[in-house]
> 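Have a look at this one.
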Amino acid sequence: MSTKSSLKILLDLAQQKTDALARKLGKLNTQQQEAEKKLNLLLQYRHSYQSYMQDSTRTGLDHIEWLNFIAFMNKLDAAITEQRQAVLFAQNKKIAGGDEFLSSQQKLKSYDTLSQRKRSAEDLIQAKNEQKIQDEFTSNSFYRNSYPSKNG
């Protein structure tokens with residue numbers, strides 16, 4: 001397998017991996033946003049319910065309603081704690097995904113740089129060969145024009 005095709009294959013694979021990681025990072029970002037949105041909803045719901053109960057205490061609460069309120073708030077606090085952990089987990093996954101994406105992008109850039117250098121070297125060789133051919137043509141043409149043929 002030639003070096004050119006090997007480098008092209010590496011470049012294509014690196015591009016595919018970078019594209020896949022970009023899509024994965026997008027999904028991780030969406031998951032983090034969804035987790036944060038759910039946490040905010042739980043916090044808003046807790047605040048609203050707490051305000052409702054404070055208003056209810058002014059008009060009077062019996063013992064059962066108070067116990068139900070405490071039990072519900074405990075469950076809501078547990079759900080909030082769990083959701084905070086989910087947000088943290090999603091943030092960590094997004095950070096790791098971002099690091100992986102950046103690493104892949106750097107690798108892709110390295111392969112691209114190598115490919116450009118190889119292309120430049122090949123272009124230089126081709127230009128030198130074309131110049132050599134042109135010089136030979138010019139030299140041969142000059143030689144033929146300088147010395148008339150003996151057949152004439």
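Excluded from the calculations below are hydrogen atoms, water molecules and symmetry mates; all remaining heavy atoms, backbone and side chain alike, are included.
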> Do Leu43 and Tyr45 land in one hydrophobic cluster if side-chain heavy atoms of ILVMFWY residues count as linked below 4.5 Å?
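Shared cluster, yes.
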> At what distance, to the nearest 0.5 angstrom, does CD1 of Ile70 lie from NZ of Lys75?
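Ile70 atom CD1 to Lys75 atom NZ measures 13.5 Å (nearest 0.5 Å).
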> Do you see a donor-acceptor pair shorter than 3.5 Å between the side chains of Arg119 and Ser115?
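Yes.
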> Atom CZ in Arg23, atom OG1 in Thr18: separation rounded to 0.5 Å?
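Arg23 CZ to Thr18 OG1: 10.5 Å, rounded to 0.5 Å.
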> For the residue pair Glu36 / Gln32, report whether a side-chain donor-acceptor contact shorter than 3.5 Å exists.
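Indeed, the side chains of Gln32 and Glu36 share at least one donor-acceptor pair under 3.5 Å.
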> Measuring from Arg117:CZ to Leu7:CG, what's the distance to the nearest 0.5 Å?
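One finds 11.5 Å between CZ of Arg117 and CG of Leu7.
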> According to a 4.5 Å side-chain heavy-atom criterion applied to Ile, Leu, Val, Met, Phe, Trp and Tyr, with indirect links allowed, do Ile80 and Phe89 form part of one hydrophobic cluster?
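The answer is no; the residues belong to distinct hydrophobic clusters.
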> With rounding to the nearest 0.5 Å, note down the distance linking CG in Leu39 to CD in Gln44.
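Going from the CG atom of Leu39 to the CD atom of Gln44 covers 10.0 Å.
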> Looking only at non-hydrogen atoms, find the nearest pair between Ala90 and Ala35 and report the distance.
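Smallest interatomic distance, heavy atoms only, reads CB-CB, 4.5 Å.
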> Take a 6.0 Å sphere around CD of Glu82 and say whether it holds more than 12 heavy atoms from other residues, nucleotides or ligands.
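No.
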> Flag the pair Lys38 and Glu34 as a salt bridge only when some basic side-chain nitrogen lies within less than 4.0 angstrom of an acidic carboxylate oxygen.
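No, Lys38 and Glu34 are not salt-bridged.
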> Short question: side chain of Gln106, backbone of Ser103 - any donor-acceptor pair under 3.5 Å?
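Pair absent, no side-chain N/O of Gln106 close to backbone of Ser103.
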> Regarding Gln16 and Asp12, do their side chains bring together a donor and an acceptor under 3.5 Å, going by distance alone?
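Absent: no donor and acceptor within the cut-off.
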> Out of curiosity, does Met73 fall in the hydrophobic cluster containing Met53 (side-chain heavy atoms, cut-off under 4.5 Å, transitive links)?
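As far as the 4.5 Å side-chain criterion goes, Met73 and Met53 are connected within one cluster.
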> With rounding to the nearest 0.5 angstrom, report the CG to CZ distance, Asp77 to Arg84.
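One finds 8.5 Å between CG of Asp77 and CZ of Arg84.
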> At their closest point, which heavy atom of Asp62 faces which heavy atom of Glu65, and how far apart are they?
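Between these two residues, the closest heavy atoms are OD1-N, 2.8 Å.
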> Near Phe72 CZ, under 6.0 Å, is it more than 12 heavy atoms from other residues, nucleotides or ligands?
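Yes - once you tally the heavy atoms of other residues, nucleotides and ligands closer than 6.0 Å, there are more than 12.
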> Evaluate the criterion side-chain hydrogen bond (donor to acceptor under 3.5 Å, both in side chains) for residue pair Glu130 and Gln126; output intermediate values, then yes/no.
CA-CA 6 Å; Glu130 289 173 1; Gln126 184 178 356; 3.1 Å; yes
> Which heavy-atom pair separates Ser104 from Leu21 by the least distance, and what is that distance?
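Answer, listing the atom of Ser104 first, then Leu21: CB-CD1, 3.5 Å.
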> Using a strict threshold of under 4.0 Å (side-chain N to carboxylate O), is an ion pair present between Asp112 and Lys109?
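Between Asp112 and Lys109 there is no salt bridge, as every charged N stays at least 4.0 Å from the carboxylate O atoms.
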> I'd like to know if the side chain of Gln50 pairs up with that of Arg46 as donor and acceptor (distance under 3.5 Å, no hydrogens or angles considered).
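A donor-acceptor contact under 3.5 Å links the two side chains.
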> Who passes salt bridge (Lys or Arg N to Asp or Glu O under 4.0 Å) against Glu100, sequence neighbours left out?
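Testing Glu100 for salt bridge (Lys or Arg N to Asp or Glu O under 4.0 Å), a comparison that skips the adjacent residues, returns Lys24.
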> Check whether more than 12 heavy atoms from other residues, nucleotides or ligands sit under 6.0 Å from atom OH of Tyr49, and answer yes or no.
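More than 12 within 6.0 Å, yes.
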> If two hydrophobic side chains count as joined below 4.5 Å and joins carry through other members, does Val87 share a cluster with Leu76?
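Looking at the clustering, Leu76 is in the same group as Val87.
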> Say whether Leu13 and Leu102 are linked into one hydrophobic cluster, either directly or through other cluster members, by side-chain heavy-atom distances under 4.5 angstrom.
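In one cluster: no.
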> Evaluate Leu114 against Lys118 for side-chain contact (heavy atoms from CB on, under 4.5 Å), listing each step before the verdict.
CA-CA 6 Å; Leu114 287 174; Lys118 179 153 181 49; over 6 Å; no
> Can Gln131 and Asp135 be counted as having a side-chain donor-acceptor contact under 3.5 angstrom?
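Side-chain D/A pair, Gln131 to Asp135: present.
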> List the atom of Leu42, the atom of Ala79, and the distance in Å for their closest heavy-atom pair.
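The answer is CD1-O, 3.9 Å.
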> Enter the distance from Phe69:CZ to Asn74:CG here, rounded to the nearest 0.5 Å.
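Reported value, rounded in 0.5 Å steps: 9.5 Å.
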